[in-house]
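A short worksheet on the structure shown next.
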Amino acid sequence: MPVRAYDTRSREKRELGTLVEGEVGIYVCGITPYSPSHIGHARQAIAFDIIVRWLRKRGYRVNYITNFTDIDDKIIDAANKEGVGFLEVADRHIEEYFEVMDAMNVQRADAYPRVTETIPEIIDMVTTLIDRGHAYVGDDGVYFEIDTAPEKFGQLTGQTLEMVRAGAGGRVADTGSGKRDHRDFALWKLAKRGEPSWDSPWGSGRPGWHIECSAMSLSHLGEAFDIHGGGSDLMFPHHEAEIFQSECCLGHEPVVQFWMHNGMINVDGEKMSKSLGNFWTIRDAFGKVDPLELRYAMINAPYRQPVEFNSIMLEDACMHQRRLVAAFSEGLSRFGSSDWSASKELSATAERLSTGMDDDFNTRVAIVEVQSVVRNLRGLLDSNEPDEGVSAVVGWLSEFAGRVLGLLPDEGSIAASLKKEESARSEIAECVEALLSKREDARESKDWGSADSIRDELSTMGVVVEDGPEGPTWRLG
RNA sequence: GCACGAGUGGCAGAGCAGCUAUGCAAUGGACUGCAGAUCCAUGUACCCGGGUGCAAAUCCCGGCUCGUGCUCCA
C-alpha cells in the first residue's frame, strides 16, 4: 500500500509520488538556538523523526536535512547580554538540543546545515533574485518584491494580498525602512554598528530570516525536492517567503512537492508562549516525566493536530509508556524476542498499524494497536503458563513500538536497568524474605493486625507486597 | 474582520458513509482475610438546524462555540 501524505499547499492528502523512484528528499526548518529547547521543538523533531522512520521502513532511501539558524536578532541579543560571541550562544544551545533529542530517541538527521556556513550560497541566491528583477536594494538591505510574483501570495495560508494589506494597520511604519511595500521581505540586512556581519555586493550584513532555508534546501536537496516540513506557525510568512524565493530564483514551480506542517502545543487550551507564562522547556518536562514518556505524549495525537499539554495528559502518557516498557522488559528478559510473522493475530495488528501509518503517518492509530498488544502481553505474562508465544509478541513490540515509534529504550539499557533493579532487590532480599515469612506466620494464624503492620513496614522500605494464588510476591515500588 | 483547523461518551483521544475504536476512570464479577496487581464482563457518545443517500460522527448547506494564523515563533 502506498504512503499518502497531506500537502498544505494543495490542502489534500495524496499518494507520495517521489521525484526519484524510491528516494525522498526532506527538509525541515529547525530551531534558532538562542534559548533552551522547548516542548514545541520536541513535538516537531519527534513528528518528523517518525515520518522519516516510517518512510525508511517502507523502503525509501531518505535524505533528511534540518537546519540551525545560528545567526539572528535573538541570538545577538542573548550574546550581548552575556557578553560573549553569538556563536558561543548558538553552539551551547545546539549541544543542549542534541542532548535532549537523543534522550527522546530522536534519530539524527543526515545533515544539520547552519546559516553561518551557507553565506556564499545565500549571496548567490540573492544576486540571482536581483538579476531576475524580483529583488531590489533599499537603504538598509535587499528586499524581495512581492508584486513581481503576486500569484504566489497565499499559497499556504489562503490569504490574499489585499487581506494582508488591510490587516497591516499601523505596523507598516515600523517595518524595514527601505521597503517599497510593507509585504516585501528582507533578503539581506545591512549591519548596524557592532553587529556580526559578512561581506556582500550590497555591503556587509547578514541574511534575512527566510532566505537561509531556500539556500540550504537548494544546496542539499537540489532544485526540486519532495517534502518540506516545519511547524504550522511557519506557514506564513516564512514558508510562503520560501516559495517566492526558491521558485523565482530557480524559474520553475513547484520546488517543493509536499509541504507538511506539524501542529502546535497548547497548554490549557492555548498556544504555549513565553508571554502567557505557560511555557515548558524540554528539561522542565523531564523534571516531571522520563524522556520517552514525553515522546509518547507527543505522538499520542496525529502530527497535524494540536497537542494538549497538561497534567492529565502527562499522567496518562506516563502510565501508558510505563506499562509498555514494563511488559516489554519482562517479556524480553523471560522469553527473549522472536519473529512474529507466523502469528495471524500479530500480522493483522501489524496490518492495521501500517494502514494507519501509510495514511499520513497516523501515530494515534499505531498507538492503539501497540496498546492492545501490550494488553495481550500483560495477560500472557500473568497467566500461569506463558509460552513461547510471548517471544513473538516481544518481537512485534520491538519492531513497531521500538523501531517505528521509537518508544522503547534500547535492549542494552533495558538489560542494565533490570540488572540494577535486580541488585537493589538482592541487597534487601534477605531482610524482606524474613519479614514476609513472619507475615505469613501471622496470616496463618489469622492475625491480620500483625500481618498488615508488617506490610506497612515493608511499604516504608519501598517494597510492595502482592499476595497471589501461589503466595506473596514483592517488588520495589 | 479575513484565512485555516477543530467541536465525539466522566476524562484523554481515534474513526470520516453501513461492521466493538483504544486507554484511563466507573460499575459488576473472578482471585483475595483485606489491600494491591491481573483478568473477564457491562454501561454511558458523536455542537445545533436543514439537505442528499437504503444507510451520516462520517458527505452538502446554514448557524453556534473554541483554537491557531494575519508580527518573532517548532
Side-chain angles (χ1 to χ4, degrees), chain A residues 8 11 28-32 34-35 37-48 66 69 72-74 77 154 156-160 162-171 174-175 182-183 209 229-238 240 261-266 269-275 297 300-302 304-308 310 312-317 319-320 323 326-327 352 356 359 362-376 378-383 442-444 446-449 451-452 455-456 459 464-469 472-475 477:
Chain A
T8 306
R11 289 200 198 99
V28 176
C29 289
I31 61 160
T32 300
Y34 70 97
S35 66
S37 297
H38 60 252
I39 55 176
H41 297 139
R43 155 85 139 156
Q44 187 243 43
I46 291 167
F48 286 99
T66 188
T69 302
D72 146 287
D73 292 353
K74 284 177 181 155
D77 287 348
L156 300 177
T157 55
Q159 303 180 103
T160 64
E162 288 64 35
M163 279 154 48
V164 176
R165 198 194 309 273
R171 288 195 296 269
D174 56 14
T175 49
H182 79 275
R183 293 158 307 179
W209 176 34
S232 59
D233 54 347
L234 296 184
M235 286 192 284
F236 187 92
H238 187 240
E240 291 199 359
H261 296 278
N262 64 277
M264 299 290 99
I265 289 193
N266 290 166
E270 279 180 296
K271 182 181 158 182
M272 179 176 81
S273 76
K274 282 185 178 169
S275 53
N300 197 210
R304 288 194 284 137
Q305 294 301 111
V307 162
E308 285 298 330
N310 55 50
I312 292 171
M313 75 83 81
L314 221 45
E315 280 166 28
D316 210 52
M319 180 187 60
H320 284 110
R323 245 169 94 90
R352 285 194 294 274
D359 182 13
N362 192 330
T363 49
R364 178 63 216 186
V365 168
I367 279 182
V368 165
E369 297 306 327
V370 169
Q371 281 177 351
S372 36
V373 170
V374 168
R375 193 154 168 259
N376 287 337
R378 194 70 262 170
L380 282 172
L381 290 171
D382 293 333
S383 74
R443 293 181 74 205
E444 200 74 26
K446 300 203 191 302
D447 179 2
W448 310 128
D452 288 350
R455 185 165 63 195
D456 290 345
S459 152
V464 180
V465 177
E466 289 171 354
D467 295 320
T473 57
W474 62 280
R475 61 185 169 84

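Each chain gets a letter, A, B and so on, in the order the sequences are listed, and its residues count up from 1.
Figure legend. B:G62 is base-paired to B:C48; pairs are counted as Watson-Crick or G-U wobble with both atom distances under 3.5 Å. Remark: B:C24 base-pairs with B:G10. Criterion, Watson-Crick or G-U wobble with two distances under 3.5 Å. Across every strand in view, B:A55 sits unpaired, with no contact that passes the Watson-Crick or G-U test at under 3.5 angstrom.
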Start with the C-alpha distance between A:Lys74 and A:Asp77, add both sets of side-chain angles, then the distance that settles salt bridge (charged side-chain N to carboxylate O under 4.0 Å, His left out), and finish with yes or no. CA-CA 5 Å; A:Lys74 284 177 181 155; A:Asp77 287 348; over 6 Å; no

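Per the geometry, CZ belonging to A:Arg11 stands 11 Å off C1' belonging to B:G5, to the nearest Å. For the pair A:Phe236 CZ and B:G69 C1', the interatomic distance rounds to 9 Å; values are reported in whole Å. Going from atom CD of A:Glu240 over to atom C1' of B:C4 covers 12 Å, rounded to whole Å. In this structure, A:Asp233 atom CG and B:G69 atom P are separated by 7 Å, rounded to whole Å. Distance A:His38 NE2 to B:A74 P: 6 Å, rounded to the nearest Å.
If you check every strand for non-hydrogen atoms under 4.0 Å, A:Lys271 touches a base.
B:G53 adopts a syn glycosidic conformation, its chi angle falling within 90° of 0.
Taking the nucleotide of RNA chain B with the nearest heavy atom to each of A:Pro302 and A:Asn266, the more 5' of the two is matched to A:Pro302. Sequence order on RNA chain B of the closest nucleotides to A:Arg304 and A:Ala451 puts A:Arg304 first from the 5' end.
Residue A:Arg375 has its side chain nearest to B:C39 when only B:C39, B:C70, B:C34 are considered. For A:Gln159, taking side-chain heavy atoms from C-beta onward, the closest of the listed nucleotides B:A74, B:C70, B:C4 is B:C70. Ranking B:U38, B:C34, B:A12 by closeness to the A:Arg378 side chain, first place goes to B:U38. Nearest to the side-chain atoms of A:Arg364 among the listed nucleotides B:U38, B:A14, B:C40 stands B:A14. Among the nucleotides B:C11, B:G13, B:C72, the one closest to any side-chain atom of A:Lys74 is B:C72. Closest to the A:Val368 side chain, of the nucleotides B:A74, B:A21, B:G36, is B:A21. Of the listed nucleotides (B:G33, B:U22, B:A74), B:G33 has the atom at the smallest distance from the side chain of A:Trp448.
Taking atom P in both B:U27 and B:A35, one finds a spacing of 13 Å when rounded to whole Å.
We find the NE2-NE2 distance between A:His41 and A:His38 to be 3.5 Å, quoted to the nearest 0.5 Å.
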